[in-house]
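Heads up: the structure comes next, in structure tokens.
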2 protein chains.
Amino acid sequence: MTLACSASPAVVDVKALLHQSPLFAGLDDTVLDEMLSHFRRETWKQGRQVTGLESGQRFHIILSGRLKMAQVNPDTGRMVTLFLLQPGDGFDVICLLDGQPDPLIFEARDDLLMLSTPMQEARRWIEQHPDFNRSFLPYLGQQMRTLANLAGDLALHDTETRLARLILRHIHHEQPDQPLRLIHNLSHESLAEMIGSVRVVVNRQLQHWQREGVVVTRRGELIIKELETLLKKAMHFPRHTPHS
Amino acid sequence: MTLACSASPAVVDVKALLHQSPLFAGLDDTVLDEMLSHFRRETWKQGRQVTGLESGQRFHIILSGRLKMAQVNPDTGRMVTLFLLQPGDGFDVICLLDGQPDPLIFEARDDLLMLSTPMQEARRWIEQHPDFNRSFLPYLGQQMRTLANLAGDLALHDTETRLARLILRHIHHEQPDQPLRLIHNLSHESLAEMIGSVRVVVNRQLQHWQREGVVVTRRGELIIKELETLLKKAMHFPRHTPHS
DNA sequence: TTTTTTCTGCTACCAGGGTTACACAGGCTG
DNA sequence: CAGCCTGTGTAACCCTGGTAGCAGAAAAAA
């Protein structure tokens, strides 16, 4: 019997997880139970793509796995990742808010376990539970902040800066004596989509840093050797505090 | 005595204006009055710049004039406009939501007349008036949608496409027989900031279109001659419906 | 194992668009 | 009126970063 992290999603302790998530942290246990009764489980397997139009009928809460929320240019085939949603996140929040369909694409980066409920039901529940806003509104603020920063970065900074920031933003706060590394097993392609660029460019940059001795790359792994240098490349104007 | 549009802001019919705005449209008249009692008037004259850190203490509602909400790169001095806020809009919404300071810049494009109240007060009022969410949440959705589209455009489309879209998005729906033109008296510089580019590039593009016969430019004015052509340049993937 | 697919490294190419610079127009101001 | 300042037209330059293409390594599937 293995100690599963995301391997055995069926036994996830839903309530414990939601209590840690920024969205439901403050909710009373009984209220949470009541809410959960409106939801049903739903699973997507890795790689599944769904457009905003299709998924727009239901609101989802991620229990395990990561979900890419992206925009596509059908002409060139290129993609930008707007959000990489994690357990505790909900989608599609924008559609939940204003009811309009989103021209977005959602793609399961891992096998996904989620809760889902009809959009209308979610809206109704939120209306009837004003206390939820105590955590919901700040959550929305964070999302908007992330989007604003993405837009700002895309318009104002070069790929090197953007890549450096992306990496730093995603460093897991592990034991400080361990060598710093990215846990996320993201391909260069994925990294590229997250900074609004292309695989070749990301690779080019990483190789460049590797020759400088700043990082070491192995397949699906990225080890930071000189954090200071990377910080300098990323810090070209005041940073926002990464949540949590 | 002149027929003032934004010239005599002192006599603006606040309640009428707010009833039209997406944020307060649905509010009861008595509730609106109660709300207004928490606010005080505030004026900024054109060109005034304020950072998010300074203005973060109060929440504002625009009554007349336009306000640029932008991000800056202190190294290059370049700017991106995230929002061009109009009468009926509020700011800073992100800070209102999560309480964190924004590394943004707010600049009055015209003389501004606004209502303002301490952030805390605004948050408290929202908490106590759950009905407000009926219009507030959709409003937030629109804002997020706008940001998402901006980020998407910046990453996926060239300057020509972005400029075409910007212009089309800002056409005032006037009498259809009149020649189409941009009311906003925006400089090329302003246009550039709104598409995350630079004056020279915008000018270059406009001249190019002018030689093609698509538009005619005069100082501070832009007349569209061939709407079809411009639409074709803008339409490279499914458009979202511009609000209102 | 062999085969297939997914990632990665690297090259040559070139064009979009950003930087800099200057001249002139129109509107303001004194 | 002269002066100033902001907005506009246009040129030369060149560099970042995107496209196309291929070959090998690693992983996954057969």
Side-chain angles (χ1 to χ4, degrees), chain A residues 45-47 72-73 75-80 107-111 153-164 166 182 184-212 215-223 233 236, chain B residues 45-47 72-73 75-80 107-111 153-164 166 182 184-212 215-223 233 236:
Chain A
K45 56 181 185 179
Q46 182 176 10
V72 212
N73 181 339
D75 295 329
T76 66
R78 280 181 55 193
M79 259 188 169
V80 223
E107 182 184 322
R109 266 261 146 61
D110 315 297
D111 286 339
D153 276 17
L154 285 169
L156 299 175
H157 298 287
D158 55 7
T159 54
E160 177 171 27
T161 309
R162 301 209 302 273
L163 184 56
L166 175 67
L182 268 184
H184 307 258
N185 52 335
L186 297 176
S187 66
H188 293 183
E189 182 77 41
S190 304
L191 296 177
E193 282 182 5
M194 299 183 76
I195 63 169
S197 181
V198 172
R199 185 186 69 84
V200 198
V201 177
V202 168
N203 187 350
R204 197 186 282 163
Q205 192 61 56
L206 287 178
Q207 294 307 319
H208 184 64
W209 285 346
Q210 189 155 17
R211 274 188 279 277
E212 283 184 348
V215 302
V216 173
T217 68
R218 290 202 296 261
R219 163 171 272 242
E221 206 173 6
L222 179 63
I223 304 178
K233 292 178 189 298
H236 277 177
Chain B
K45 55 181 186 180
Q46 182 176 11
V72 210
N73 181 340
D75 295 327
T76 66
R78 279 182 55 193
M79 259 187 169
V80 223
E107 183 184 322
R109 266 261 145 59
D110 315 297
D111 287 338
D153 276 17
L154 285 169
L156 299 175
H157 297 286
D158 55 9
T159 53
E160 177 172 27
T161 309
R162 302 210 300 274
L163 184 56
L166 175 67
L182 268 185
H184 307 260
N185 53 335
L186 297 175
S187 66
H188 294 183
E189 182 76 43
S190 305
L191 295 176
E193 281 182 5
M194 298 181 77
I195 63 169
S197 181
V198 172
R199 186 187 68 84
V200 195
V201 177
V202 168
N203 187 350
R204 197 187 282 163
Q205 192 61 57
L206 287 177
Q207 295 307 320
H208 185 64
W209 286 344
Q210 190 156 18
R211 275 188 279 277
E212 285 184 348
V215 301
V216 174
T217 67
R218 289 202 296 261
R219 163 172 272 242
E221 207 173 6
L222 180 63
I223 304 178
K233 292 178 188 300
H236 278 175

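Residue numbers begin at 1 in each chain, while the letters A, B, ... track the order of the sequences. Reckoned from all heavy atoms, side chains included, excluding hydrogens, waters and symmetry mates.
- Regarding A:I195, its CD1 atom lies at a distance of 13 Å from the C1' atom of D:dT16, rounded to whole Å.
- Atom P of nucleotide D:dG9 and atom CZ of B:R211 are separated by 10 Å, given to the nearest angstrom.
- Minimum atom distance to the side chain of B:H188 is reached by D:dT8, of the listed D:dT8, D:dA11, C:dT8.
- OP1 or OP2 of D:dG9 lies within a sub-4.0 Å distance of a side-chain N or O belonging to B:N203.
- Here A:Q46 contributes atom CD and A:D111 contributes atom CG; the two are 6.0 Å apart, rounded to the nearest 0.5 Å.
- The side chain of A:R199 lies closest to D:dC22, out of D:dT19, D:dC22, D:dG9.
- In this structure, A:R204 reaches the bases: a heavy-atom distance under 4.0 Å links it to at least one base atom across the strands shown.
- Between the P atom of C:dG18 and the NE2 atom of A:H157 lies a distance of 14 Å, rounded to the nearest Å.
- The phosphate of C:dC7 has neither OP1 nor OP2 within less than 4.0 Å of any side-chain N or O from A:S187.
- Between the P atom of D:dG9 and the CG atom of B:L222 lies a distance of 10 Å, rounded to the nearest Å.
- Taking 4.0 angstrom as the limit, A:T217 places a side-chain polar atom (N or O) nearer than this to OP1 or OP2 of C:dG9.
- With distances taken from any side-chain atom of B:Q207 to the nucleotides D:dG18, C:dC10, D:dT10, the minimum falls on D:dT10.
- Judged by distance alone, the side chains of B:R109 and B:S190 do bring a donor and an acceptor atom under 3.5 Å apart.
- To the nearest angstrom, P of C:dG16 lies 13 Å from NZ of B:K233.
- Contact check for B:K233 versus B:T161: no side-chain heavy atoms found under the 4.5 Å cut-off.
- Residues A:R162 and A:L154 meet the side-chain proximity criterion, which asks for heavy atoms closer than 4.5 Å.
- A straight line from CG of B:L191 to P of D:dG9 spans 12 Å, rounded to a whole angstrom.
- Between the CZ atom of A:R219 and the C1' atom of C:dC7 there is a distance of 4 Å, rounded to whole Å.
- Whole-Å rounding puts the A:E221 CD to D:dA26 P distance at 14 Å.
- Put simply, the side chain of B:D158 and the base of C:dG16 share no donor and acceptor less than 3.5 Å apart.
- Comparing B:Q210 and A:R162 by the nucleotide of DNA chain D whose heavy atom lies nearest to each, the residue mapping closer to the 5' end is B:Q210.
- Under 4.0 angstrom from either OP1 or OP2 of D:dG17 there lies no side-chain N or O belonging to A:S197.
- At a threshold of 4.0 angstrom between heavy atoms, the contacts of A:R218 with the nucleic acid are absent.
- By the 4.5 Å heavy-atom criterion applied to side chains, B:N203 and B:T217 are not counted as neighbours.
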